[in-house]
Amino acid sequence: MYGPLAETIRTQRLVLEPLAVHHADEMAPVLDDPRLHRYIGGAPLARDELRARYSHLVAGPAPFHQEYWLNWIVRRARDGQAVGYVQATVTPAPPGFAVAPASTGSAVTPGPPRRIASVAWVIGTPYQGFGFATEAARALLGWLVSHGVHDVVATVHPDNGPSAAVAAKLGLHRTGDTTADGEDVWRLPRTAT
């Protein structure tokens, strides 16, 4: 594996549990609402299809990709009910550059290696509207920053107002860029971390 392993994250109301294949059994009903997929694409997966997907996610990408996948199931702390998931795909980012003062020759040198995370949050339809997405995604961002990932982006369908509100509450800003499939790109300013 290229980066750190996901570990359990706790918040006031939630437990983020690292993804395992067996989670498909309880997550299939949570994600089994076509309305949930309106902005994230696809359709609800049957339990066996979700197991296959989780098996692929848990295995992670091939090492030569130099990226790592971090996935958590989001649970309510009070009763252990699975309510959704958060995820981050972390990849190398181009290094920044440092410019020495003119008095020392104005040398330009590469900065330290950086990593960028593309994050996402999905909360099942019956559990939306309680702030779980914001709380879980905020915990995810805190975990990433504590593990040296300070560049964070998210993509949000332009008609998905609730997800855009979550991005804004997290301190991400719409960049004005869009993905090939028309989603808005949001970025966490480096000063926010």
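Index from 1, following the sequence.
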How long is the span from the [atom1] atom in [X] to the [atom2] atom in [Y], to the nearest 0.5 Å?
{"X": "Thr178", "Y": "Asp184", "atom1": "OG1", "atom2": "CG", "value": "7.0 Å"}
{"X": "Ser55", "Y": "His22", "atom1": "OG", "atom2": "NE2", "value": "12.5 Å"}
{"X": "Ile73", "Y": "His23", "atom1": "CD1", "atom2": "NE2", "value": "5.5 Å"}
{"X": "Leu140", "Y": "Trp121", "atom1": "CG", "atom2": "CH2", "value": "9.0 Å"}
{"X": "Leu57", "Y": "Thr89", "atom1": "CG", "atom2": "OG1", "value": "8.5 Å"}

Side chains of [X] and [Y] in contact at under 4.5 Å (non-hydrogen atoms):
{"X": "Pro158", "Y": "Asn160", "answer": "no"}
{"X": "Met27", "Y": "Tyr85", "answer": "yes"}
{"X": "Pro18", "Y": "Thr8", "answer": "yes"}
{"X": "His157", "Y": "Ser163", "answer": "no"}
{"X": "His37", "Y": "Pro44", "answer": "yes"}
{"X": "Val152", "Y": "Ile116", "answer": "no"}

So which atom in [X] and which in [Y] form the shortest heavy-atom distance, rounded to 0.1 Å?
{"X": "Ile123", "Y": "Gln128", "answer": "O-NE2, 2.8 Å"}
{"X": "Leu31", "Y": "Val122", "answer": "CD2-CG1, 4.2 Å"}
{"X": "Ala20", "Y": "Val58", "answer": "CA-CG2, 4.0 Å"}
{"X": "Ala6", "Y": "Leu70", "answer": "N-CD2, 3.7 Å"}
{"X": "Leu16", "Y": "Ala139", "answer": "CD2-CB, 4.3 Å"}
{"X": "Ala28", "Y": "Leu45", "answer": "CB-O, 4.5 Å"}

*side chain to side chain contact (heavy atoms under 4.5 Å, CB included) evaluation trace for Arg51 with Asp25*: CA-CA 8 Å; Arg51 272 184 165 275; Asp25 296 337; 3.0 Å; yes

_So that I can tick it off, tell me whether Arg47 and Glu26 are bridged by a salt bridge, with the cut-off set at under 4.0 angstrom between side-chain N and carboxylate O._
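Salt bridge flag = no for Arg47 with Glu26.
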
*Residues Arg115, Asp151: salt bridge by 4.0 Å N-O rule*: no

_Stepwise side chain to side chain contact (heavy atoms under 4.5 Å, CB included) test for Gln81 and Arg75_ = CA-CA 5 Å; Gln81 172 63 49; Arg75 296 184 182 282; over 6 Å; no

Is [Y] reachable from [X] through a run of I, L, V, M, F, W or Y residues, each pair having side-chain heavy atoms under 4.5 Å apart?
{"X": "Leu170", "Y": "Tyr39", "result": "no"}
{"X": "Val166", "Y": "Val185", "result": "no"}
{"X": "Tyr54", "Y": "Ile40", "result": "yes"}
{"X": "Trp143", "Y": "Leu172", "result": "yes"}
{"X": "Leu50", "Y": "Val30", "result": "yes"}

Donor-acceptor pairs under 3.5 angstrom involving side-chain atoms of residues 131-138: please list them, not counting sequence neighbours.
residue, atom, partner, partner atom, Å
Glu135, OE1, Arg13, NE, 2.7
Glu135, OE1, Arg13, NH2, 2.8
Glu135, OE2, Thr11, OG1, 2.5
Glu135, OE2, Arg13, N, 2.9
Arg138, NH2, Lys169, O, 3.0

_Candidate pair Thr175 and Trp186, rule side chain to side chain contact (heavy atoms under 4.5 Å, CB included), full reasoning_ = CA-CA 6 Å; Thr175 65; Trp186 292 69; 5.9 Å; no

*Going through the checks in order, is the side chain to side chain contact (heavy atoms under 4.5 Å, CB included) test met by Val119 and Val153?*
CA-CA 6 Å; Val119 299; Val153 298; over 6 Å; no

*Should the pair His56 and Trp69 be assigned to parallel (<30°), tilted (30 to 60°) or perpendicular (>60°) ring geometry?*
tilted

_Using the rule given for side chain to side chain donor-acceptor pair (under 3.5 Å), can you reason through Thr91 versus Glu67, listing the C-alpha separation, both sets of side-chain angles and the distance that settles it, and then say yes or no?_
CA-CA 4 Å; Thr91 57; Glu67 68 181 29; 5.8 Å; no

